[in-house]
**Q** 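Attaching a single structure in structure tokens format; questions to follow.
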Amino acid sequence: MSKYLVSFGDSNKYEVDFPGTLDQFKDSDFVKNLKDKVNDFAKEKFPVGNFLDMIPLHIEEADGGSYEKLDLSKLGDLLKNITTQIGVEKFTDKLNLNAPFDKI
């Protein structure tokens, strides 16, 4: 059984056990379902815009550190973090539009 770390953007890293290689894990139904859940959540929370570019999925092999296991109880924490990341990004974009030299 291999261990992989999964995160979205700047979220915490969560550990996932998977009986296969890194490439197999990236192509697995687990990863597809996770991406779908995050995508559906982002579309529901922020109906306008493609925010998945702001919160890219990172998958890497576990480095032996201590990480929380990714399960449904942790998914809420992950989605809350994603909401914060998108909010910060949107706020930063708004600040940039209101910059004193934005018309130059």
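Owing to the predicted nature of the structure, the values given are computational and were not obtained by experimental measurement. Keep in mind that the numbers below use all heavy atoms, side chains included, and drop hydrogens, waters and symmetry copies.
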**Q** Under the 3.5 angstrom rule, does the side chain of Y4 hit a backbone N or O of A62 as a donor-acceptor pair?
**A** no
**Q** Kindly compute the distance separating CG (D17) from NZ (K3), expressed to the nearest 0.5 Å.
**A** 4.0 Å
**Q** Any ion pair linking K13 and E68 (charged N to carboxylate O, less than 4.0 Å)?
**A** no
**Q** Can a donor-acceptor pair be found, under 3.5 Å and without considering hydrogens, that links the side chain of N39 to the backbone of K35?
**A**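 No; zero donor-acceptor contacts below 3.5 Å.
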**Q** Run Y14 and L5 through side-chain contact (heavy atoms from CB on, under 4.5 Å) and show every step you take.
**A** CA-CA 5 Å; Y14 294 95; L5 300 178; over 6 Å; no
**Q** Which atom pair, heavy atoms only, marks the closest approach of S2 to G20?
**A** OG-O, 3.4 Å
**Q** Heavy-atom distance under 4.5 Å between the side chains of P56 and F8, does that happen here?
**A**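 P56 vs F8: side chains apart.
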**Q** Answer whether the closest heavy-atom distance between the side chains of V31 and L57 falls below 4.5 Å.
**A** yes
**Q** Find out whether V16 and F25 are in side-chain contact, i.e. whether some heavy atom of one side chain is under 4.5 Å from a heavy atom of the other.
**A**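 Result yes, sub-4.5 Å side-chain heavy-atom pair found.
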**Q** Any chance you could measure L34, atom CG, to S28, atom OG, to the nearest 0.5 Å?
**A**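 Between L34 CG and S28 OG, I get 9.0 Å after rounding to 0.5 Å.
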**Q** Please name the pair of heavy atoms, one in M1 and one in P19, separated by the smallest distance, quoted to 0.1 Å.
**A**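 Between these two residues, the closest heavy atoms are SD-N, 3.6 Å.
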**Q** Using a 4.5 Å cut-off on heavy atoms from C-beta on, say whether the side chain of E15 contacts that of L70.
**A** no
**Q** Working to the nearest 0.5 angstrom, can you tell me the gap between T21 OG1 and E61 CD?
**A**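 Output value for this atom pair is 9.0 Å.
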